[in-house]
Visitor: 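Below is the structure I would like to discuss, written out as structure tokens.
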Amino acid sequence: MPAINQSACGKAILLGEHAVVHGEGAIAIPLSSRRIKVRVEPKILTPDSKIQVIAPDLGINQEYTDLPEQHPVFQAVRLTLIELNITQTPSCTLLVTSTLSFGSGLGSSAALAVATIRALSEFLGHPLPTNTVNRIAYECETYIHGNPSGIDNTVVSNEKPLYFQKSQGFEFLSAGRAFNFILADSGISKSTRESVASVAGQLAESPIEVQSKLTQIGQVVEQGKQAFLNGDIMGLAAAMNQNQQLLTAIDLSCPELDQLIKTALEAGALAAKLTGGGRGGHMLALVEDSKLPLVYESLQQASSGRAFTTTVGNQS
Ligand code: PMV
């Protein structure tokens with residue numbers, strides 16, 4: 001068995017996070033330059049029917065069975081072995097490296113699961129097709145997030161911009177023009193499980209008020225989807241800004257994110273919002289070509305060097 005290298009990208013939610021958990025549509029884009037890599041190496045000289053997981057960025061160097069049940073690698077390995085009907089654990093080392101930050105709204109748990117499923121299934125001689133990888137990664141996400149919508153594993157496994165709705169599945173979206181985004185890290189690491197649970201709690205306490213916000217987010221997503229498809233940058237910007245107001249109204253922003261949003265808008269971004277679980281993690285700004293250098297520089301300063309750009313759509 002030769003060593004196998006596989007990877008999976010991060011993702012950013014353009015519009016519709018949280019509301020997507022409650023049945024509304026949402027749009028997500030892949031972050032192909034930010035990846036989690038998994039290398040599987042056989043233990044040729046010392047076979048022991050054990051999988052050793054080494055992930056220096058996560059402080060992990062242990063057998064996979066010793067990882068917590070909620071760890072993406074634990075679930076990804078366990079479910080891949082079940083999927084392939086493998087009862088004898090292979091003797092190998094799983095090395096995880098990453099250019100994607102963990103716990104910051106960029107889909108790291110889904111990327112970790114997808115890269116692990118791909119690498120291990122290929123190592124075992126049965127590379128799994130994307131739809132199976134997606135299904136297993138969704139199952140992993142249920143252990144990690146409690147009640148995931150399924151958008152993260154879907155965009156990460158397909159690595160294309162897409163519109164996702166729980167009841168309908170997903171459709172790929174082709175951007176009507178190139179859109180530039182800048183992401184900046186608030187430096188606050190927050191649990192998506194907790195923010196998803198908080199929205200569910202608010203919904204139980206004030207159903208009419210909170211449901212109305214979620215429905216409005218759904219409407220904003222539909223407007224943003226048309227703008228994305230039509231290459232209407234002002235329409236997309238309006239949708240993103242309205243989305244941020246609605247997310248703030250259900251307590252998903254935080255002072256650090258608000259500050260990054262302010263910095264982006266003051267430097268000339270057309271729109272800025274939180275992305276992913278919120279209350280920390282990353283901010284996402286939509287920026288015209290001419291404003292990119294200034295907004296990027298401002299966000300680099302405001303985030304202590306934790307900003308990066310990504311472009312979606314035809315760049316010609
Ligand atoms: O924080 P992330 O990268 O896991 O994104 C979560 C997106 C949510 O809409 C808040 C949850 C979900 O399952 O869709």
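The structure presented is a predicted model; accordingly, all values stated were derived computationally and were not measured.
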Visitor: Keeping the roles fixed (side chain from Gln202, backbone from Ile250), state whether a donor-acceptor pair exists under 3.5 Å.
Guide: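 Between the backbone of Ile250 and the side chain of Gln202 there is a qualifying donor-acceptor contact (under 3.5 Å).
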Visitor: Applying salt bridge (charged side-chain N to carboxylate O under 4.0 Å, His left out), name anything that partners Glu159, two or more places apart in sequence or on another chain.
Guide: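 Partners of Glu159 by the salt bridge (charged side-chain N to carboxylate O under 4.0 Å, His left out) criterion, ordered by chain and then number, come out as Arg35.
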Visitor: Nearest 0.5 Å please: distance from the CG atom of Asp258 over to the CE atom of Met283.
Guide: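 Result: 11.5 Å between the selected atoms.
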Visitor: Ser290: what forms a side chain to side chain contact (heavy atoms under 4.5 Å, CB included) with it, not counting sequence neighbours?
Guide: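 In terms of side chain to side chain contact (heavy atoms under 4.5 Å, CB included), with neighbours along the sequence ignored, Ser290 is linked to Glu288.
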Visitor: Which residue in the set Arg118, Lys37, Glu122 passes side chain to side chain donor-acceptor pair (under 3.5 Å) when paired with Gln6?
Guide: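 Among Arg118, Lys37, Glu122, the one that satisfies the side chain to side chain donor-acceptor pair (under 3.5 Å) with Gln6 is Glu122.
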Visitor: Cation over ring, Arg34 on Phe308, under 6.0 Å and within 45°?
Guide: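 The answer is yes; both the distance and angle limits are met.
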Visitor: Filter on ring-ring contact (aromatic ring centres under 6.0 Å, His included), then keep only pairs touching residues 12-33, sequence neighbours left out; what's left?
Guide: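 Checked against ring-ring contact (aromatic ring centres under 6.0 Å, His included) - neighbours excluded - no pair reaches residues 12-33.
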Visitor: Can you list every pair that meets salt bridge (Lys or Arg N to Asp or Glu O under 4.0 Å) and has a residue in residues 90-105, with sequence neighbours left out?
Guide: none
Visitor: Under the salt bridge (charged side-chain N to carboxylate O under 4.0 Å, His left out) rule, collect the residues that match up with Lys160, sequence neighbours excluded.
Guide: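 Per chain and number, Lys160 pairs via salt bridge (charged side-chain N to carboxylate O under 4.0 Å, His left out) with no residue.
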Visitor: Look only at the side chain of Thr263 and the backbone of Ala302, and say whether a donor-acceptor pair between them is shorter than 3.5 Å.
Guide: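 Looks like no, no N/O pair under 3.5 Å.
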Visitor: Donor-acceptor pair, Lys43 side chain versus Lys50 backbone, under 3.5 Å?
Guide: yes
Visitor: Which donor-acceptor pairs under 3.5 Å do side chains of residues 223-234 form with protein atoms, sequence neighbours excluded?
Guide:
residue, atom, partner, partner atom, Å
Lys225, NZ, Glu171, OE2, 3.1
Asn230, ND2, Gln226, O, 3.2
Asp232, OD1, Met234, N, 3.4
Asp232, OD1, Gly235, N, 2.9

Visitor: Please work out whether the ring planes of Phe181 and Phe179 are parallel, tilted or perpendicular, with thresholds of 30° and 60°.
Guide: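 Rings of Phe181 and Phe179: tilted, as their planes differ by 30° to 60°.
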